[in-house]
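These notes are about the structure you will find just below.
Residue indices begin at 1 and follow the sequence shown. For the numbers below, each heavy atom of this structure counts, side chains included, while hydrogens, waters and symmetry mates do not.
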Amino acid sequence: GGADASYSSAGSWKEARSFLRRLVRSRVGPLPIPVVLLVSLALLLVLRWTSPDALPLEEGRTPRLRAGLRSFTARSFKQIQQNQDLTSLEEAADGIRIEQTASAREEAAVLEQHDHPRSEPTVLLLEPEAWRQPQEAADLVRGASLEAQQQYKTLKVSGRFECFDGSATFPSFEIVNDDYCDCEDGSDEPGTSACAGAVRLGAPGFSCGWSLGPAEQTKHNVRARVIHRSSVNDGICDCCGGEDEWDDEATCRDRCDEAVAEEKSHANLALAGSRAREEYVKKAPALKGLPKYSGVDGGPSDVFLPAAEQGCLDFNDGDYVYKVCLFDQVTQEGSGGGRKFRLGRKGVWSTSLWEDGQQRKDYSMLIMGDGEHCHASGAPRRAELHFECN
């Protein structure tokens with residue numbers, strides 16, 4: 001409501017960035033990040049108070065400088081320290097902003113207490129988010145399952161790392177989650193996608209609930225979902241809480257409450273289906289003796305016979321109307337009328353080859369063949385009915 005005002009000196013900022021670029025690109029050798037940032041901030045302070053295009057202060061207002069540092073992840077900060085990456089340094093510098101934020105009443109109070117003609121600028125450095133994470137989360141390894149956390153903890157205490165499959169040993173634990181695949185089984189990268197294509201992936205995928213304790217994982221099992229490592233930082237929110245998109249490239253809202261509601265809905269459907277099946281099982285023996293179902297395989301406990309007794313099912317896809325009568329026939333007719341074609345009749349269950357080399361019946365697909373002749377294929381029409389449990 002007019003109590004605060006903000007400004008930025010565009011000319012001064014361009015000069016500061018130009019100086020920062022020249023400083024980083026110089027051949028005098030790499031400089032520590034804190035030195036670069038402190039020099040840049042000092043330069044900004046000087047330019048701000050001496051720049052001719054600085055906005056005039058309104059009467060009764062005190063300038064307060066606030067420098068905000070762009071948040072870094074621990075990994076990004078480590079890479080900057082090692083490589084003196086120019087782009088990352090420029091992004092850090094882009095995070096610095098100068099704001100005028102004190103009201104006339106605040107300045108009057110300062111003058112009254114300190115008898116000072118002008119309030120001194122206040123510099124506030126914001127700590128990167130990665131350094132403010134809870135200690136219990138900092139002691140865990142990102143992406144690792146609850147069962148694997150203890151093994152990582154033991155190796156971390158020893159200061160070294162050994163691939164879970166024993167294929168290699170490294171003198172430092174720092175190789176874990178450094179976004180480079182060192183182990184053939186991918187155990188050194190549980191929290192990145194670097195080992196998504198590992199030949200021998202002995203370790204599990206990315207655990208969405210890696211930061212949760214045993215009680216929390218049991219209580220919030222939807223948050224403890226395990227996803228494929230290729231889904232980490234791919235721009236798509238796979239974990240309901242967004243834990244897989246930790247590099248901040250994608251913004252993920254918390255969908256865990258919705259996921260819990262969806263799970264409950266599926267559970268209710270499954271319960272309703274189970275109760276319906278129990279009723280079908282009770283009715284099946286009486287139907288099995290009917291002439292029209294003689295020799296018909298009604299599936300496990302003949303539960304499909306009561307389903308067939310419920311009557312035919314109609315389906316309209318906009319162009320055609322299909323009428324499905326289990327163990328009888330399937331017909332097709334144009335939505336606007338016309339000739340009706342018989343696509344198939346009776347029905348046999350599909351078979352699939354199992355590991356033991358035996359062909360077993362697949363009760364999720366019923367093949368109704370021996371339909372009318374199709375001139376395009378030169379063979380009788382047939383229909384395949386796929387059954388899904390909701």
Side-chain angles (χ1 to χ4, degrees), residues 221-222 225 236 238 240 255 257-356 358-390:
N221 63 323
V222 68
R225 179 186 175 195
I236 301 175
D238 297 282
C240 67
R255 299 177 290 103
D257 288 343
E258 298 175 15
V260 170
E262 186 177 353
E263 279 197 353
K264 289 182 178 179
S265 176
H266 284 302
N268 291 335
L269 285 174
L271 180 59
S274 179
R275 290 173 177 170
R277 187 183 188 282
E278 291 176 0
E279 294 299 319
Y280 284 173
V281 170
K282 294 177 182 178
K283 297 176 180 179
L287 298 174
K288 184 68 176 176
L290 296 178
K292 62 178 179 180
Y293 296 127
S294 178
V296 173
D297 182 355
S301 302
D302 290 314
V303 293
F304 285 97
L305 298 184
E309 197 65 16
Q310 295 287 330
C312 301
L313 301 175
D314 292 334
F315 173 69
N316 189 340
D317 68 355
D319 296 322
Y320 298 98
V321 176
Y322 299 91
K323 190 170 185 178
V324 179
C325 304
L326 284 179
F327 307 118
D328 184 11
Q329 66 174 358
V330 179
T331 60
Q332 170 188 322
E333 184 180 3
S335 297
R339 183 187 170 190
K340 181 184 293 185
F341 294 88
R342 189 181 67 214
L343 302 182
R345 63 192 189 91
K346 298 301 180 181
V348 293
W349 296 105
S350 174
T351 59
S352 58
L353 181 64
W354 283 57
E355 293 84 350
D356 59 3
Q358 300 293 321
Q359 290 282 347
R360 298 188 184 181
K361 289 184 178 180
D362 180 5
Y363 289 107
S364 67
M365 184 170 70
L366 181 67
I367 301 175
M368 300 180 71
D370 196 23
E372 294 186 32
H373 184 80
C374 176
H375 296 284
S377 64
R381 291 177 169 87
R382 77 172 195 171
E384 295 180 355
L385 308 183
H386 295 261
F387 299 89
E388 294 183 359
C389 296
N390 291 323

Do you know which two heavy atoms are closest between [X] and [Y], and how far apart they sit?
X	Y	result
Gly338	Glu333	O-OE2, 3.6 Å
Glu372	Phe341	OE2-CA, 3.7 Å
Tyr363	Phe387	O-CD1, 4.3 Å
Met368	Lys346	CE-O, 3.1 Å
Tyr280	Pro306	O-CG, 3.2 Å

>> side-chain contact (heavy atoms from CB on, under 4.5 Å), that's the test. Do Asp314 and Val324 meet it? Break it down for me.
In response: CA-CA 6 Å; Asp314 292 334; Val324 179; over 6 Å; no
> What class does the angle between the rings of Tyr293 and Phe327 fall in, given that below 30° is parallel, 30 to 60° is tilted and above 60° is perpendicular?
Replying inline: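 Because their plane-to-plane angle is over 60°, the rings of Tyr293 and Phe327 count as perpendicular.
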> Parallel, tilted or perpendicular: which describes the rings of His373 and His375, with under 30° parallel and over 60° perpendicular?
Replying inline: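 Ring orientation, 0 to 90° scale: perpendicular.
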Side-chain donor or acceptor of [X] paired with backbone N/O of [Y] under 3.5 Å:
X	Y	answer
Thr331	Lys340	no
Trp349	Asp297	yes
Lys323	Phe315	no
Asp302	Leu305	no
Arg345	Arg382	no

>> One pair to check against salt bridge (Lys or Arg N to Asp or Glu O under 4.0 Å): Arg255 and Glu258. What are the steps and the verdict?
In response: CA-CA 5 Å; Arg255 299 177 290 103; Glu258 298 175 15; 5.8 Å; no
>> Nearest 0.5 angstrom please: Glu388 CD to Ser364 OG, how far?
In response: 9.0 Å
>> Walk me through whether Ser301 and Arg277 qualify under side-chain contact (heavy atoms from CB on, under 4.5 Å).
In response: CA-CA 10 Å; Ser301 302; Arg277 187 183 188 282; 4.0 Å; yes
